[in-house]
Structures are given as C-alpha cells and as structure tokens.
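Some notes on the structure that comes next.
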4 protein chains.
Amino acid sequence: MKKTELYRELGINLDLALEAHETIRGERGGEIPGVSLEEESFDTAHVRTVTVLDQRGASIIGKPPGKYITIESDVLRINNKALHEQLSKTLSEKLKETLPFKSEEDSVLIVGLGNWNATPDALGPKVVEKTMATRHLYGRVPQELTNGLRSVSAIAPGVLGITGIETAEIIKGVVEKTQPSLVIAIDALAAGSVERIGSTIQIADTGINPGSGVGNKRAGLNVETLGVPVIAIGVPTVVHAGIIAHDIIESFVEKMKNKPPLTQLTKEMSPPLLRIIIDEVLQPYSNSLMVTPKEIDDLIENTSKVIAMALTESLHPAMPEEVANYLH
Amino acid sequence: MKKTELYRELGINLDLALEAHETIRGERGGEIPGVSLEEESFDTAHVRTVTVLDQRGASIIGKPPGKYITIESDVLRINNKALHEQLSKTLSEKLKETLPFKSEEDSVLIVGLGNWNATPDALGPKVVEKTMATRHLYGRVPQELTNGLRSVSAIAPGVLGITGIETAEIIKGVVEKTQPSLVIAIDALAAGSVERIGSTIQIADTGINPGSGVGNKRAGLNVETLGVPVIAIGVPTVVHAGIIAHDIIESFVEKMKNKPPLTQLTKEMSPPLLRIIIDEVLQPYSNSLMVTPKEIDDLIENTSKVIAMALTESLHPAMPEEVANYLH
Amino acid sequence: MKKTELYRELGINLDLALEAHETIRGERGGEIPGVSLEEESFDTAHVRTVTVLDQRGASIIGKPPGKYITIESDVLRINNKALHEQLSKTLSEKLKETLPFKSEEDSVLIVGLGNWNATPDALGPKVVEKTMATRHLYGRVPQELTNGLRSVSAIAPGVLGITGIETAEIIKGVVEKTQPSLVIAIDALAAGSVERIGSTIQIADTGINPGSGVGNKRAGLNVETLGVPVIAIGVPTVVHAGIIAHDIIESFVEKMKNKPPLTQLTKEMSPPLLRIIIDEVLQPYSNSLMVTPKEIDDLIENTSKVIAMALTESLHPAMPEEVANYLH
Amino acid sequence: MKKTELYRELGINLDLALEAHETIRGERGGEIPGVSLEEESFDTAHVRTVTVLDQRGASIIGKPPGKYITIESDVLRINNKALHEQLSKTLSEKLKETLPFKSEEDSVLIVGLGNWNATPDALGPKVVEKTMATRHLYGRVPQELTNGLRSVSAIAPGVLGITGIETAEIIKGVVEKTQPSLVIAIDALAAGSVERIGSTIQIADTGINPGSGVGNKRAGLNVETLGVPVIAIGVPTVVHAGIIAHDIIESFVEKMKNKPPLTQLTKEMSPPLLRIIIDEVLQPYSNSLMVTPKEIDDLIENTSKVIAMALTESLHPAMPEEVANYLH
C-alpha cells in the first residue's frame, strides 16, 4: 500500500514538505523532477531545504512552487535556555534568507493561527503573545525609540468554531486595512510521524495552503488570497491516529515477512481496509483523534519562545541591545 | 469645583450616560434640554434609560444622540444562578427593544473588546468565549439545525499594546469581509463611583465612541466608522483613582463645612490642585492606577455569563430549547 | 496473546474495574469467582457495578475488595446543560449509596489529583475549583447559614514533577491536621479503549490504589494509607498509545483470519513483539504518548461541572435551595 | 492624626518592616530603641535592612525580632531581561546571608501563598510554577545528576476561600510529612504607598506573622508554628484604598495649611472620621477595595521570574551550568 494513497483515504495532508518529499521519493524509487533538496548543518540543528522548482514538481509533491526550509533539532524537548537561543539564531538566519523586504520601511503582520484553549493548537497565539508589536509606536513615541525597528503588528484571530468566520476572511480584512508588506503566519502542524513532534520547524515562503494545519484551516493564506507575500512558520505538534495505525500494521507485517507464505499480507493492506480498522478501533473519535506526547505543554512553550526570539532578531534591521532586552 | 471640570483635567470620560446625566443635571440644577430620562422596575433590576434627543442634548451631555439603557442590579455580586438568569432575561428584553433587525436573515458580529490578560479588562473576550457562533454552520450542517438561528459571528481582536493595530481597524476589516447587518460590541467601562462596579450594565445604541472604555480604545466603533449599526454593551469594572481622590476630599470638606471659616475650603479645591495631589500620592502610577474590588474575578465571570445568555436569547428568532441547552 | 499480558508488558494498569472485569472474564471464558456484576438503567445513563467480594476475586481482577460503580453516558460529549444535570443526579444518587457518613457532623476532604497545566490531567483541579468549600464557615458566619451544610474542604495538591513531593504525603499531612471523616479523590484515568473517553465515570469505594491514574500517581490514597475511608471518582481521559497499537494489529489480524494459513499470525503476536513495534513507531515518546480526542477541553469542562454538581447535591444533608444556587 | 492609629482603625497591617520603621520613627521624631537600620547600594538596587534586636524594639515596631531586608529597585517595572538578572543576583546574595543551612543535605520547602485566580495575589503560585523541584529526583535518577543540587520541594496550597482550610494547617501537615530543614514562603504584600508596588522585595527571616499579606492570611508561618525556620519573601502588589484616602486628605490639608486659620483642619482629621469618609466613598467595597496599577500582570510576571532565578541560584550549593539552563 502506498502511503500517499492512505493519506488520501484518511483525508490527511502532509504539512511538512520534507515528509512529502521523502514519502514520494520512496514510492517512486528516485529523485522527483522539478524538486531539489539541499542540506546544511548547524551547531544545534540540521537544515534541509526542499525547493519546488516548477509546476511539474508541484503537482507531484502536492505543494506550490517555493522554498520549504526544515530545521531539525532535538533541543526543543529540553528546558535549556542556552540551546534554545542557539536554535533561535539558526531559525533567524534562515528566516532572513526568506524575507522579501526591500527597505526598512517594509512592515510585517504576524498571524498566530490556532486555538488558545487547545494545547497542541495554541502555538500561534502563544507566539503572538510573546511578540513585540511596534506598529502603534510610530507617531506616538519619540522617533529615536523606533530607529532600527521595523513596523510589526500581530494578531491571533481565533478559530472557526469560536468566531464563526474563516480565519482567511479575518486576515484579508486586516491586511486590507493595515497594508503590511509581508504576512508571517505561525501554525501548529500535523506530522507524518511521532518523532517530528517537538523536533522540527518548517519555514515555507509559499504561505499556508488550503487544508493544512492541526485544526484544518480551510482557506489558504498566501500571496494569491492576501495580495502580499506570506511566509509560514509551522511546527508539528500532533500526528493523526490514522497514521499511527498504518505504521503499526506496517511494522507488524514487516516483522512477519520472513515467514512465508505470510508475505502476501502486504498486498492485503489497503486504504479502505485500514479505514475500517481505524473506525473500529478509534470510534467514536476516529476523525478527531490526535496523538500527542504528555510533554506537549513544555514543547509548545519552548517552541513559541524560540520562534518569538527569532522573529525579533530577524525582523528588525538594527535593534539596539537595550530594546532587545525588552522582549516578554 | 465642578466634577465635569475635574474629569476634563484628569482626562476621564464618563462612560455611563446615566452618570454623565446625573453629574451635569446636578451642576446645572435642573433638567437638560434635549435629554430625557425614563425609569422601569423589574424583579431583580431597575432600568433607567437616558435618551439624547438632539444635538443640543448631545453637546451638553457629551454623548451622541441615541438611547442609553442602564440596567442596575446587585445580583452580579453574588454567585446565584437563578438570579443571574432573571437578570439575563431583563437584559435580553431591553436588548431586543434596541435590535434593528429587519428580517431573520440579518446577521450579527459580536466584538469582545479588551485584554484577555488583565482581569478588569477581560469582560469582552470572556463574552466571546461563551457565545455560540453560528455563521459557519450555514451550508455545512443540515438546514433543520439552523432553523430559527440567526447568523452570529464573534471576535476578540486583542488590544493595541499587543497587536500594534487599532481595534477599530481590525473590526472595519472584518466587517467589510463578513458584511454583518449589526455589530454588538462588549466592553469593560470606567465608572464615576465605586458602587457602579458589578452593579450596572449599559446598552447604548450609538456604539462605542472615541476615548471610552477601560483601556482607552481610541477610535470609535459606530455606524459612522463601520457602516452598520453598532450596539455597545458596557459594564463598569474599575474607577479611576483620580475620581476616588476627588470624592474623598469632597467628603472631607463636607464634614468640615459647619466649622466656619473653613467653608472657604470648597473654593480652594480646583482641578489643578487635585492634579498635584494625585500626582503626589499616586506616583509613579498616577495615570494608570485603577481601583477595583478584590472580587473582580467573580464579577467578570458572572457578568460575562449573564451577557452571553442574554445575547443568545435575544439574537436568535426561535431557538429550539434543545439548542438553547447547547451553550457553553 | 492475552491482553492482560500485554498490559503487564507495557506497564499499563486498567483503571476501570469494569474494563478489567470484561477483559479477564473474556480471557477466562466465564464468570470470575469472588466478583459480582449488577446493572441498572437511568434516563441518561447506564450503570454497572462490579463488586469485588473477597481476596480471591481481588487477586484475579487486580483490584482490592469493594464496590466499583461505572456510570456510562454519552451526554458528556455534548454541551447540553439539561442532560448534564440529569447525569449529575444519577451520579449523586450512586455517590450517596457509597458515602459512609454516620452523622451530619461527618466532614469531607475533596482531593483534586492531577496537573492544572496538562488538559487531560486537569480534571481533579477543575472539580476543586468548582466545589464550594464550607469548612471555614463554621465559627465565622452565623449558624443559620451553615445549617444543613456539611463541612467540606478541598485541595488540589499538584503533581510530583512540580512539587517534588508524593501527592500521598501531602494528603496524609492535610488529613492529619484537618481530620476529615472521609476523603473523596477526583482523578483522570487511562482507559483501555477510546470509546471510554468522555463516556464513563467510575466511583470506587476503595480509594486510589498504587499505579493508577493518568500521571501514574505512585502511592495509594486509601483507608490503609490515610486512616479514613477514601472514595475515588475517576474519569478516563486518555488511552495509552500502546493499547491502540495492540487493538489495531488485533483488528488487522482478525480481518485476515479467513485466509488460511494466515491464521497462525495470531500466535505470532506477543507482548515483546508489540513492545518492539511500539518502540519503533512511537519513539522517542513510546512511554509518554497518549491518545486523546481534540475535544478534550470541552469533555473535561463538562465532566468537572457534572461531578461538582453531584458532590454538592450528595454531600450536604439539607442544602437550602438558595444555597444551592450559590455554586460557582 | 498618627498614621499608626489610622492603620489600627482600618485594620491594616504594614507588611514592610521598612515602612513600619519609617512611619514610627517619623511619629516618634527619632531613632527606635532596639531597632537598627543599615544601607547598601548595588548596581540595580538599593538595600536597607531593618534589624529588630530585642523585644522592646519588637513591641514598638510591631514585628518579631529578626532581620528584614528590603531590596528597592525600579527594574521590575520594565521588561528588561538583563536588568532582571542583575536584580536577581542581588536578591540571591541577600538571600544567601539569611539561609540557615548547616550542610548540603539540608532541604527546603518553598510555599507559594495566595490565589492563582486573582492577579495581584498570584505571585506565590507563579514562583512555585517557575521553581525547579528536585526532592523527588533523589533515588530516582543517577546520583551524578543530583550532585550539587539541594533537595527542594514546592507547593502552592491555595487560599482559605477555595480550600476551606487555613493555609498554615496545610503547610504544617506537609512539613511534618516531608521534614524540610527550612521553609521559604513567597507572598504578595499590601504596601503603605503606591510607589512600593513593583519596586520592593522584602526578605524576612522571621517568616510570616499573623494578619499579613494581601489575602490576610490568618495564622502565621514561622518557626513557632512550623518547628523549622521560615524565611518570607514578600512583594507589595496592592495598597489598601483606605491608605490612599488618608494620603489624599493629608496632601490636601498640607496644601491648605498656609491659609490660617485652616491649620486647625489637621486636628479635625481622625481615624473615625476617615472611616466614615471611606465608607461613604468606597461602599459597598470599603473593606475589599485595592488599588493596583494596570500593569500589575507584567509586574507579577517579572517579579516571579526574578525570585525564581534567585531561589535557584542561592539554594543549590553547586549547580552545574548545564543544570542552571534547565529552569523553566
């Protein structure tokens, strides 16, 4: 059974381009035309960048053309400030490569997607809370204080179930009124394997595209829908239970495969069969069940700090040290 | 010293029309032309409605022409569900008199102003959290489920210090995108006396006008700025320390006044003198100091429940009982 | 593979006596000596009571002798106040049958186990927050106000990782100082299947025994350790990922079993093999991974309300209606 | 009117020994026998230590014999990490002078007094949340990891209104069970003037004595009640409205005093008159009204961080840097 078929059956979107790339390359048994992969190593992180070069690559990998930078690190799982600051510097460096600013006057709107009240989905609102908005300072404080600062605004618009409004509609309205040069959207993602949780940060210069994210944000946030470039920073915080189910059976069958004639089991596994199994085992929650580690609260807290630090460092052209210290 | 002068000196806006009315009528020694006052009694509440009839009244009382319904009750100070439900019914009844709906298709956007993280300012976001949004249900659930329900959306946009964006800009953007027929804005207010805290709910069919509210929301939310009617529901949760200071000195002088020649003290009291006294006593917080009772957490919780219940009851044309039960 | 062996391998304790009973009876293929099962039906709930009659039953089922009342209902999954009140009445009724009070002077200490900051483990602290403590009123308010009220105190002691102290030690200390006649401990449980989440409340008159609970509370809270009777109210909020893994493979094999000679697969499944599969699929979180539905926040909120209402109703001998209304 | 008489009338206890010292010395017009005062200056702080030397001093100043170290700094009012770390070092240094440890085996119980849900009273619980408990590590992790660490436990017992139990009873029970060598209690204090809020931290080696604290904790936490030494760390977060009222009238009268024969006003001011004025102006909240700045949330957050850092630094004999980094 191909994993890509399984995901289709389960209605799962692989939010990480790196995972999509690995899965599809595995199934194809070779490189994907129109998609490139680069690697870099940093002190506390390993960075792999998937670039979707053209429409051919895009249609194979299921992601629009653009850069998908994946920062992998295990320091988010531990409460260590010094290592978090190192990781934050790497994130800041990679962010800077992506920022399309033309001048210091270019402004940014940070959008924290997700739901305050559901821990694994609260990453976006937490980053907004930790971000220093500066847009309102212009014209209200002496100019010396805003020298070297970029105009930054930040909003956590809430989720459809609470507001009754598509997040994209709210953000479109805010973008039209405030005219930022760039939107940076922060989102919790669903991963294709448990080891991605608390180990991965993805920067995508294509924004957020329909169907991604933990809470299945419906409409996209990207240059097409908003009219300004959108950079998405995503962090996997959950895995769909259906993926876990598949991996467990696959692993089981793998263990059995040396016992002929059991090998034919592999052929029996199919998305519809798995759907039946999942419905049976996971009802009444088969579609909403998420697997997340007990430590999710700490992971979200650490990750939101790292991202907020990196945003401050990368966005402001020349933040004086005394200002840098004033972050929450 | 006239209180109105004091308020001007301290930069204080009397958010409650009833307080403005009482203060100005007291200072004028008689009725205010262009302003009327009506009273009604309910089981758990006393209702007084100040109507600003014309521009003359508006310029005297400092509020635009419209209806200001003040519901006074002492049941918010106690944790009693049955009494809260009674008060909620009165609030719902008075709200209904104000709602400008022309048909069941007219939709509503509820806006919870204020700051989640500061208890006395969290009333608006708390009401949003307790409100049942229905706008997203249309086209997603079977029509029977939305029969009798009005389209309601709800947003808590955050405050300027966190977002860097004027609340009014955010709401304008959302209104343009979602086209509600009516906006209902919920806000915590600053009162002119301590006894107003936890005892008063004001409904104003003129919306929110510049300079009002605990957090001094700058731009207004009203039919002029948003293009649709705005009803404001406001609840006093704090008193400026400056008002407390004035009242204490006034009370002190009153106690002294039978001891001539001390009576002349009254003349010595002036807004600039009071400003000096306040700066001296309340520094370094003279402008941000708020007086609020220890019980403020319970008051906010109770009041947000009462308002959320009243919104549900008054907004939906024919909510079936089984739906009414599904409120948070 | 026997499920009981699997649980032993995974270090999982079945917190619900009803699940232990079902599993073991299934494996034995018949009734368990020394254990009885009774059933009752209520409007919104089905109640099954497992009674462990003697040591023989206890050693088979792995629970000390006593009553384990399981209330099953699907109303916790929906936000419906009227149905929650009905379920609360059933819970109250069953609780009353368990309360060992000899007089109205007997007092109660309610203990909310678990961690405020981790949603699925926050049930206990949430019930404490919603409970009306009365113990401090005696001698401080006029006697009329405490007539018909039982002396109730309530504490949420925190978890080992934050306090550095075993919960049982804290509670022992508090019990010695405050001398309650009874302890009622509220706890989030780990269930053996997903459908138990948000559908089941267990009352156990044997208290809490070592190793149970979501956070694996080590030492027990029972008449042996505390010197007073302990009633435990437990609600499943998570399932160990290991159990999900087992059930998925079992379901898969079941689907295959009509294809001989695949039937022998069943024999291949063993706890050590499953351990290997789980470690492979769920690393690096294999021991901490919990499966919980997205709606867990609402489930915890609804359940804590139902339990707090039932405690108030069942504990106080003759609460006047006006007092009942004063609950949070 | 003597301030000391006013405080008695209003039932106010001056929690800061430095304020009591200043007030009484002012009223006596000279040094207080049996009480000494020392001053020191640090980079970001000014430290004044009031030592109550004997019973004579104690009866005059209303505090038991012991050391009361007051650290004054204005860095808590700004969000500046570097300055907070400096202040934390000063606090740590002064704490170390107070710690009565005899060996590295001596253990500590940190008690966070106050109420989670009321911002100005939440300081204690916030410090507990940010503290690294280590007591449970002994015997559970390899010894190398606990080398250089002291055994620290931490509890936030809640407040009387929620638990129904005197905090002192809970702590007595926990102390008897866990046998710490020292208790450090963290508490929010009521100050005698607004400028103390967010500017002052007091260390008292006499523990907490009856009647002090924002929430008026009744029974004391000290070596007499607990049997082990108690160090109290207190931070003023509110001022009683009654004190504000007094200061305002005093300031007013002061401004008037050059206008004879108004000078006699001073004589008219008396505690009972002030009581009447306060009741009139502040009803219905005259006893519960607290004055606190709007920024209280940030102040509490900053202060709890500074205290948690200082506790970690001062308590552990030789914390390796890699461990220091693991703090929340």
Side-chain angles (χ1 to χ4, degrees), chain C residues 107-112 115-117 122 125-141 146 149-180 215-219 225-226 308 315 328, chain D residues 107-112 115-117 122 125-141 146 149-180 215-219 225-226 308 315 328:
Chain C
S107 60
V108 185
L109 170 63
I110 294 171
V111 176
N115 185 352
W116 273 114
N117 296 321
K126 286 223 161 200
V127 170
V128 164
E129 193 190 43
K130 293 187 170 69
T131 297
M132 185 181 64
T134 56
R135 182 177 178 272
H136 57 309
L137 300 179
Y138 296 86
R140 286 192 188 137
V141 302
T146 54
L149 292 183
R150 189 178 298 282
S151 165
V152 173
S153 53
I155 190 168
V159 291
L160 184 66
I162 286 174
T163 63
I165 313 173
E166 285 280 1
T167 302
E169 285 182 280
I170 298 175
I171 300 308
K172 268 183 232 174
V174 174
V175 164
E176 284 177 20
K177 288 296 151 201
T178 64
Q179 302 281 343
N216 262 349
K217 289 90 199 168
R218 278 181 188 82
T225 59
L226 297 185
L315 292 179
H328 297 259
Chain D
S107 61
V108 185
L109 170 65
I110 295 172
V111 176
N115 186 351
W116 273 114
N117 296 320
K126 286 223 162 201
V127 171
V128 164
E129 194 189 42
K130 294 188 169 69
T131 297
M132 185 181 64
T134 56
R135 183 176 178 273
H136 57 307
L137 301 179
Y138 297 87
R140 285 189 190 139
V141 302
T146 55
L149 292 183
R150 189 179 297 284
S151 164
V152 173
S153 53
I155 190 169
V159 291
L160 184 65
I162 285 174
T163 63
I165 312 174
E166 285 282 1
T167 302
E169 285 182 279
I170 298 175
I171 300 309
K172 268 183 232 173
V174 175
V175 165
E176 284 177 20
K177 288 297 151 202
T178 65
Q179 302 281 344
N216 261 348
K217 291 88 198 171
R218 277 180 189 81
T225 59
L226 296 186
L315 291 179
H328 297 259

Is it the backbone or the side chain of [X] that comes under 4.5 Å from a heavy atom of chain D, or both, or neither?
X: C/Thr163; result: both
X: C/Ile110; result: neither
X: C/Glu169; result: both

Worksheet item: Top residue by heavy-atom pair count (under 4.5 Å) with chain C, among D/Val152, D/Val174, D/Val128?
Response: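 Among the listed options, the one with the most contacts to chain C is D/Val174.
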
Practice prompt. Could you tell me which non-hydrogen atom of C/Gly161 sits nearest to which non-hydrogen atom of D/Ala133, and how far apart they are?
Written response: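 Scanning both residues completely, I find the closest heavy atoms to be O-CB, 4.4 Å.
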
Discussion item. Would you say that C/Ile165 contacts D/Arg135 through its side chain, given a criterion of any heavy-atom pair below 4.5 Å between the two side chains?
Written reply: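 C/Ile165 reaches D/Arg135 side chain to side chain.
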
Worksheet entry | Inter-residue atom distance C/Lys172.NZ - D/Glu176.CD, 0.5 Å rounding |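 The CD atom of D/Glu176 is 13.5 Å from NZ of C/Lys172, to the nearest 0.5 Å.
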
